[in-house]
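Since the structure comes first, as C-alpha cells, the remarks are kept for the end.
A note on names: the letters A, B, ... follow the listed sequences, proteins ahead of strands, and every chain is numbered from 1. Keep in mind it's a predicted model, so treat the numbers as computed, not measured.
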Number of protein chains: 2
Amino acid sequence: MEDIVAQVMRQWERIHPELDITPIAVIGRLNRCVLLLQQAADAPLREHGLTRPEFDILGTLRRLDRELTPSQIAKETFASGAAVTKRVRFLEERELVSRRPDDRDRRVSHLALTEQGRLLIDRLLPEQLGYEGALLEAMAPERQGELAGLLGELLLLLEGRLGVRQP
Amino acid sequence: MEDIVAQVMRQWERIHPELDITPIAVIGRLNRCVLLLQQAADAPLREHGLTRPEFDILGTLRRLDRELTPSQIAKETFASGAAVTKRVRFLEERELVSRRPDDRDRRVSHLALTEQGRLLIDRLLPEQLGYEGALLEAMAPERQGELAGLLGELLLLLEGRLGVRQP
DNA sequence: TCCCTATATTTTACAGATAAAACACCAGGT
DNA sequence: ACCTGGTGTTTTATCTGTAAAATATAGGGA
C-alpha cells in the first residue's frame with residue numbers, strides 16, 4: 001500500500017516527468033508526519049491545559065535541572081525571545097515557574113520550576129511518553145531504531161548547515 | 001558526533017533512568033527536523049510572496065490538473081475550511097486562482113489555476129525542489145532513500161491510526 | 001408545498017506567533 | 001563622570017490559524 005506522499009509524487013511525475021522530485025520523498029513525508037502527529041500526540045498535554053511549547057519549557061528546566069534565563073530557554077526550545085516572554089508569563093501565572101532577579105545584572109532573570117511545576121512535569125512526562133509510544137507501537141522497535149538513526153543523521157546535517165549551536 | 005535530541009535524551013536519562021524515552025528518538029527528531037527545515041526550506045516561496053500552505057494549494061491544483069472545490073482542497077492540503085477560504089481569497093486577489101460557480105449546487109464553487117497561476121507554480125516548483133535538494137545533498141542518496149522508505153512506513157501507519165482518507 | 005436535517009462555505013471572535021521597536025541595563029573607552 | 005555600542009527582555013503592531021456561529025442551499029419526507 002502507498003502512503004499519501006507516494007501518491008502525490010506519482011501525480012507530479014505524470015505532470016512533470018523531467019523533474020527530480022526525490023526531495024519530496026523525504027521533506028514531504030517529514031511535513032506530513034509532523035502534521036499528523038501534532039494533532040494527535042499532544043492530547044495528554046491539552047488535558048492539562050498546556051501547549052507543546054509550554055511543555056517544552058517545563059521539560060527544559062527539568063532536564064537541565066537548574067535555573068535558566070529567558071534567552072537560554074529561547075535557545076534551548078528554539079523559540080523567539082518574545083514567544084518565551086509570553087509563555088513564561090503564563091507559566092508564572094499558573095505558578096509552575098518562578099523568577100529570581102540576577103544579583104549582578106538587573107536585565108537578567110533566572111527561571112526555575114516551582115514545586116508544583118516539578119510535580120506536574122514529572123507526572124506528565126511519563127504519560128506523554130506512553131502516549132507517544134502507543135502511537136508508534138505498530139512499527140517494529142528495530143525499524144523505529146533505524147528511523148531514529150537516519151533522522152539523527154539528517155538532523156546533524158541540518159544543524160550544521162543551518163547552524164544553531166548552543167554554547 | 002551527537003545531534004541535539006541525543007543530548008536531550010541523555011539528560012532525561014540522568015534525571016529519570018527508569019523512564020522509557022525511546023519515543024523521543026523518533027518524535028523529538030521529527031519535530032526538530034521540521035522546525036529547522038521550515039525556517040530554511042521555504043525561502044524560495046517567500047521570495048515570491050507565498051507561504052507554504054498557499055504554495056500547497058497551487059501545487060494541489062496543478063498536480064491533480066482539474067478544478068477542485070474548497071472542501072476538496074481542504075482535504076487534500078489537510079487544512080480547515082476556514083483556512084482555505086482565506087488562502088483562496090488571497091490567491092484570487094493575486095489572480096493566481098479563479099472561481100466558477102457550480103451549475104447544479106449553488107453552495108459549491110470550483111477553483112482552477114489561472115494562466116498566471118500555472119506559470120508561477122511551473123516556475124516555482126523546480127526552484128523549490130532544487131533548493132530542498134541542496135539542503136539534503138550532504139546525505140548520500142541511498143541513505144535518503146532508506147529514510148524516505150521508513151518515513152513512508154511511519155506515515156502509512158499514522159494515516160491508518162489517525163485515519164484521514166480522501167475519497 | 002413546507003419543514004427538517006445535512007452539507008458547503010464564509011464570517012466572526014479570539015488565541016498564538018513573529019518582527020521590529022522600545023526599554024533597561026552593562027561595560028569599556030574617553 | 002559621561003558617552004557609546006551591545007545585550008537581555010518586554011512591548012507593540014500585525015498576521016495567521018482555528019473553533020464556533022452564521023449563511024445559504026440542497027434534498028427528502030409529511
Exercise for the section: Let me know, please, whether A/Ala82 or B/Ala79 comes out on the 5' side of the other along DNA chain D by nearest nucleotide. Expected result: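 Comparing both residues, the 5'-ward one is A/Ala82.
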Handout entry: Residues in contact with DNA chain D, drawn from residues 85-98 of chain A - heavy-atom cutoff 4.0 Å
Key = A/Thr85, A/Arg89
Round to a whole Å and report the spacing from [atom1] of [X] to [atom2] of [N].
X: B/Gln38; N: C/dT18; atom1: CD; atom2: P; value: 10 Å
X: B/Arg106; N: D/dT23; atom1: CZ; atom2: C1'; value: 13 Å
X: A/Asp42; N: C/dA15; atom1: CG; atom2: P; value: 20 Å
X: B/Leu35; N: C/dT18; atom1: CG; atom2: C1'; value: 13 Å
X: A/Glu54; N: C/dA17; atom1: CD; atom2: C1'; value: 12 Å
X: A/Arg46; N: C/dG16; atom1: CZ; atom2: C1'; value: 14 Å
X: B/Glu76; N: C/dA8; atom1: CD; atom2: P; value: 15 Å
X: A/Asp102; N: D/dG8; atom1: CG; atom2: P; value: 12 Å

Problem - Name of the residue among B/Glu67, B/His110, B/Glu92 meeting side-chain hydrogen bond (donor to acceptor under 3.5 Å, both in side chains) with B/Arg99 - result: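 Running side-chain hydrogen bond (donor to acceptor under 3.5 Å, both in side chains) over B/Glu67, B/His110, B/Glu92 with B/Arg99 returns exactly one hit, B/Glu92.
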Exercise for the section: Let me know, please, whether B/Asp105 or A/Pro53 comes out on the 5' side of the other along DNA chain C by nearest nucleotide. Expected result: B/Asp105
Exercise for the section: Would you kindly compare A/Ala83 and B/Ser109 by the position of their nearest DNA chain C nucleotide and give the one closer to the 5′ end? Expected result: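 Whichever sits nearer the 5' end wins; that is B/Ser109.
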Can you tell me if [X] uses its side chain to pair, donor with acceptor, with the backbone of [Y] under 3.5 Å?
X: B/Glu95; Y: B/Gln116; value: no
X: A/Thr77; Y: A/Ile57; value: no
X: B/Thr114; Y: B/Leu96; value: yes
X: A/Arg89; Y: A/Thr85; value: no

Handout entry: Check ion pair A/Glu76-A/Arg63 (N to O, under 4.0 angstrom)
Key = yes
Fill in the blank from the handout: d(A/Leu45 CG, A/Glu127 CD) to nearest 0.5 Å is 8.5 Å
Practice task
Check every strand shown and say whether A/Arg99 touches a base, only sugar-phosphate, or nothing at a heavy-atom separation below 4.0 Å.
Solution key: sugar-phosphate
Exercise for the section: Scan B/Thr69 against the nucleic acid and name what it touches under 4.0 Å (heavy atoms): base, sugar-phosphate only, or nothing. Expected result: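 Result for B/Thr69 = sugar-phosphate.
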Handout entry: Side-chain N or O of B/Ser80 closer than 4.0 Å to phosphate OP1/OP2 of D/dT18
Key = yes
